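Some notes on the structure that comes next.
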Amino acid sequence: MAERETDQVARPFMGFAFAIEISVPGTVPRVCNAAFAECDGLEMTMDVKTIRQGGDNGRQVRLTGPMGFGTLTLKRGMTANFDLWTWFDKLVESPGLRADAVVVLYAAGQTASPEAQRAVSASWELSRCVPVKLKAPPLNARDGMVAIEEFQLAYESLRLRPPGQGGR
C-alpha cells in the first residue's frame, strides 16, 4: 500500500521467470545450463536466545544468535545432461569440492518488452554449496509424464543482491 498519494504501489515479483547458475571448479562452468523448472529453499534463520532478568517478570531480553541457512531444492526434467551426477561422483574423489551458485529472478509481465522481461528483479548468491541429495525420477510406463529429477543443495551463506548493486 502506498503511504502518500504520489507513491506508486509496488507490485510483487512473479516467481516463474528465474535461472539458477551453479559453477563447480573442475567440472563444468555452468551446471545444467540453468535448466531448472522449480526452486525452493532460499532461506535464512536467526537463532534467538531469551534471557530473563531476576525480579523482572514483565520483560525478557532477546539476543541474536548464529545464522542458519536452508537447503535449496531444485527440480528439472531429466535430459542427457548429467552434470549433477558428475558433480556427485567428483565429491567421492574430492570431498572438499564446493560450488558457488546464483539464483536470478527476472522481471516478468505480459505488457513488458522482451528486454524489460529479462531485467533482473533480484538475485541471491549462495556460497560454498555442496550437493546433499540427488533423486532419480520415478519411472512409470503408465503415466507418460516428464521424468523429473530432484536435487538438494546445502549452502554456507546466502546474500540478496537487489538490482543495480553488483553481482550479475
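Predicted, not measured: the structure shown is a model, and the values here were computed from it.
- Summarising the geometry of Phe36 relative to Leu84, their closest heavy-atom pair is CE2-CD1, 4.2 Å, with the distance given to 0.1 Å.
- Taking the side chain as every heavy atom from C-beta outward, Ile22 and Asp83 never approach each other to under 4.5 Å.
- More than 12 heavy atoms of other residues, nucleotides or ligands lie within 6.0 Å of CZ in Arg98, so this atom counts as buried by the packing criterion.
- The two residues Val146 and Gly77 come nearest to each other via the heavy atoms CG1-CA, 4.0 Å.
- Side-chain contact between Cys39 and Ile20: present, with at least one pair of heavy atoms (C-beta onward) separated by less than 4.5 Å.
- Atoms OG and CG, on Ser157 and Leu126 in that order, are 7.5 Å from each other to the nearest 0.5 Å.
- Using a 4.5 Å heavy-atom threshold, the side chains of Asn81 and Arg76 count as touching.
- Checked by atom type and distance alone, the side chain of Ser121 pairs as donor or acceptor with a backbone atom of Ala107 at under 3.5 Å.
- To the nearest 0.5 angstrom, Glu125 atom CD is 8.5 Å from Asp100 atom CG.
- Between the side chain of Asp40 and the main chain of Leu72, no donor-acceptor pair closer than 3.5 Å is present.
- Side-chain N or O atoms of Thr86 include one that pairs as donor or acceptor with a backbone N or O of Phe82 at under 3.5 Å.
- In the hydrophobic clustering of this structure, Phe88 does not group with Ile148; members are Ile, Leu, Val, Met, Phe, Trp, Tyr whose side-chain heavy atoms approach within less than 4.5 Å, directly or through other members.
- Interatomic distance, Ser127 OG to Phe69 CZ, rounded to the nearest 0.5 Å: 7.5 Å.
- Considering CG of Leu63 and CD1 of Ile51, their distance stands at 4.0 Å, rounded to 0.5 Å.
- The nearest pair of heavy atoms linking Glu38 to Phe18 is N-CZ, 3.8 Å.
- Scanning both residues, Trp87 and Ala99, for their nearest heavy atoms gives CZ2-CB, 3.5 Å.
- Ring centroid separation for the pair Trp124 and Tyr155 does not come in under the 6.0 Å cut-off.
- Taking both residues in full, the closest heavy atoms of Val132 and Ala154 are given as CG1-CB, 3.8 Å, listed atom of the first, atom of the second, then distance.
- Transitive grouping of hydrophobic side chains (ILVMFWY, heavy atoms separated by less than 4.5 Å) brings Met44 and Met46 into a common cluster.
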What's the verdict on side chain to side chain contact (heavy atoms under 4.5 Å, CB included) for Thr73 and Glu150, showing C-alpha distance, side-chain angles and the deciding distance?
-> CA-CA 7 Å; Thr73 300; Glu150 182 178 319; 3.9 Å; yes
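- The two atoms that bring Pro163 and Val120 nearest to each other are CB-O, 3.3 Å, heavy atoms only.
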